[in-house]
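Notes follow once the structure below has been shown.
Lettering follows sequence order; numbering is per chain, from 1.
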Amino acid sequence: MLRVESLSYRHAHSNRQALRDVSFSLAEGESLLLAGRSGSGKSTLLSILAGLAPHFLKGALDGRAELDGLEAGAVGVAEWGKGARLMLQNPEAQFLAGTVEEEILLTLRCRGVTGPEADGIAGDRLHALGLAPLKGHSVFKLSEGQKQKAVLAALTALRPRLLLLDEPSANLDPVFLDGLREVLLRLQGEGLALIVADHRPYWLRGLCQRLVVLDGGEIAFEGRFADLGDPEMRARLGLRSPEQPRPPGLGKPDGLALPTFPGTFPEPGGDRPTGGPATPAPGAAAGGGGAKEDGPPGSKPNGAIRVENLHFSYPSGPELFGGLSLSLAYGEVTALTGPSGRGKTTLARLLCGLEKPSRGAITYDGEPASLELAQVVLQNADHQLYMPTVLSEVILALGLGRRGPSIEAAAMELLAAFGLDGLAGRHPQSLSGGEKQRLVVAVGLARPTRLLALDEPTSGLDGHNLLLMASQIAKAAKAGPAVLVVTHDLELVGLCADRHLELPITGA
Amino acid sequence: MRALSRIDQHRGAGRLRLRPETRLLLMVAASVSSLALGAPRALALLLAFSMLYAAAETRPRTLLMAYAFMGLMCAMSLACVWLLGSIFPPMRDAPLSMAISPFLRLGVSLNALLPLALNSRLTDLAMALGRLRLPGIVRLPLMVTIRFIPTILNDLVQLREVVGIRFRGRRGLLFWLRHPITWWRVFFQPLIVRLIRSADELAMASELKGLEPDTDFGGHPGPFSADDRLAMLMAALAIGLSAAAEMALRGLGHA
């Protein structure tokens, strides 16, 4: 059905080959995991197979990609798209319409399907993906998992032959991933072929039969999905384990160990919290608002940052927290997990003083929570990078504009710790997604603080960079602050968390 | 996860139940009228009327944010004019009305555009544009532009927040007035990058959907509602009053 032969591609305005001599084929109903480090060419290959390159993205394409006799590059995106559909990493970027049902109908109308036929197909897709109760909902107000499903419903409305998924697990919690796997298995049963580019292979077990690993734009390995069980191959190619991450009980996942990376963090100095590591807070264990907590046996939470009887809801939204009490200890990494849309990011924002509780109190050694005491690294890196070079970005965070050999040396050390020292002279906006993610965390760690909150710091990171990030987060906590990591990445939790808070699972 | 998405992006909403054709018509009428009017006071009157329409159809928070963005753009334009004036002194001698009128026109257009952008379902808008027999080359960019507006507003919210986090304790107006380059760098540079990226993503989404200039969205128009008729009547009155004010001001020699 799909045949790729000696495919090479160079992006417009670039001298570097993004793909080199890539060849493979895929039969009807077959599924393939496309793996590889960040920047290895996975998304580029998907763009070509979706017909975007060279028509939309320009660039120079050599070799052949054929889908049911149609040749990529010879037909337009619309024509090619009848057979192959691409789900982008950020589903929100793919919405053109306002509601879930409208998004499906718009897709159908773009292909000339209107009237009762379109209504019938839309109804069928909504039902098949469990979206019927949400059909009139605004797509912008759905949780990440629901957004993915809405995009899938629209993409599969016209029964394409090949579905391409770019990092579908990046922002999904394990419960939604299970749901997504079920949906994809059903579609596979209908004869759909799948190519999934993802850093987290564990959820694709039983779905993908084949494996192609890209490295530097070339196929570095081709085989069966089960070949991912080889730790040597994974280490060589920077891949994550195919094993389901251990439910956060704070042991290290199989085959993973925190490596030692160079670099140290600036000492908090005078800003080191006066109260911590502190005495246990009264009622320190999470409770009252429905978060449950795991920790190493015998561990006792040292409460210095305290949440007491927290109530919060957004205007015209349901109550997210109804009497939550918990404490965070200085010098510890606390992982906050739970289903999408349950309030993880909101809790982090409340802890940092970005939101005000409706009732209850959040205090740092008795002081009310405020941005002056906390540092938060949000998800979208584009908004957080301003300076002309990677180095000056860190210098700004370290010294707020002051320069000097010592600040520059500290900045280089911090960059080295995140594997970014080789990119010090680059413009931050020219970095890849994974590199930007590491840079914003490095910037977040540059300043002394009592609470460091990181929102999904590893959503797009490969195996190598996951280990690096986990190592640096653990090291940052040792320097003094309480570190809160909001994440769906259970591997990260297992690698660096001292404590685990899970918001209650109440269904999608 | 999406706690940052504060912009009301629910389409098909709005307190007035207006058809997209009505909102389009109001937008075109307001924009053309603002171009036709020359007296700043008449333009200010039209601006006031258009603000009432925008306030009826847009959430106050969203409206304030849009005004803040517009204010920022106007401030930048004035700074550029001032800079040019120091190079070409005759520019400094231009009458005040010449400096104010473009901003008043911009305000009128923004007030008329926001209800269309934030309250129209894209499919309804596409059908309305098709019924107006506008060529695809106009229809498609207009649809994507209108879809783009909520994205811009959402980016503004996030940028404001990030600047607050990064420059905690240095968020007072004085700090930013003393450091205009830093202000430019931390606010405008990421905004421009985001706008370019968002525009690219939307274009890609349109391509992937198969949205093309000749795409036929079908659909039959329903009758104009009482709200539609009332809105058009009020718009005609507002334009008429502004035009009358312009003529009266001319008669008094204030134009």
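Within the 4.5 angstrom heavy-atom criterion, no atom of Ser198(B) approaches chain A. The contact between Leu52(A) and chain B is made entirely by side chain atoms (from C-beta outward), counting heavy-atom distances below 4.5 Å. Only the side chain of Leu88(A) comes within contact range of chain B, judged by heavy atoms closer than 4.5 Å. In this structure, chain B has no heavy atom under 4.5 Å from any part of Leu108(A). Using a 4.5 Å cut-off between heavy atoms, Glu207(B) contacts chain A through both its backbone and its side chain. For Val443(A), the part lying under 4.5 angstrom from a heavy atom of chain B is the side chain only. For Arg194(B), the part sitting under 4.5 Å from any heavy atom of chain A is the side chain, from C-beta outward, and nothing else.
Within 6.0 Å of NZ on Lys135(A) lie no more than 12 heavy atoms contributed by other residues, nucleotides or ligands. For Ile181(B), the CD1 atom is loosely surrounded, since the number of other residues' heavy atoms within 6.0 Å does not exceed 12. In the displayed structure, Met234(B) atom CE is contacted under 6.0 Å by at most 12 heavy atoms of other residues, nucleotides or ligands.
Between Leu385(A) and Pro190(B) the shortest side-chain heavy-atom distance does not fall below 4.5 Å. Residues Leu57(A) and Met204(B) have side chains in contact (heavy-atom distance under 4.5 Å, counting atoms from C-beta outward). Side-chain atoms of Ile165(B) and Gln375(A), non-hydrogen and from C-beta on, do get closer than 4.5 Å to each other.
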Discussion item. Using side-chain contact (heavy atoms from CB on, under 4.5 Å), reason through Leu378(A) and Gln158(B) one step at a time and then give a plain yes or no.
Written reply: CA-CA 9 Å; Leu378(A) 302 171; Gln158(B) 295 198 40; 6.0 Å; no
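The side-chain contact (heavy atoms from CB on, under 4.5 Å) test with Gln429(A) singles out one residue from Ile196(B), Val193(B), Ile192(B), and that residue is Val193(B).
For the atom pair Leu191(B) CG and Asp382(A) CG, the distance stands at 11.5 Å (nearest 0.5 Å). Between the CZ atom in Arg349(A) and the CD atom in Glu161(B) there is a gap of 4.0 Å [rounded to 0.5 Å]. One distance of note links SG of Cys110(A) with CG of Leu208(B); it measures 11.0 Å at 0.5 Å rounding.
Here the closest heavy-atom approach between residue Ala205(B) and residue Ala93(A) is recorded as CB-O, 3.4 Å. Across every non-hydrogen atom of Val162(B) and Tyr386(A), the tightest pair is CG1-OH, 3.4 Å. The shortest heavy-atom contact between Gln94(A) and Lys209(B) is O-NZ, 3.2 Å.
Here Val376(A) is the residue among Val376(A), Val139(A), Val486(A), Leu158(A) with the most heavy-atom pairs under 4.5 Å with chain B.
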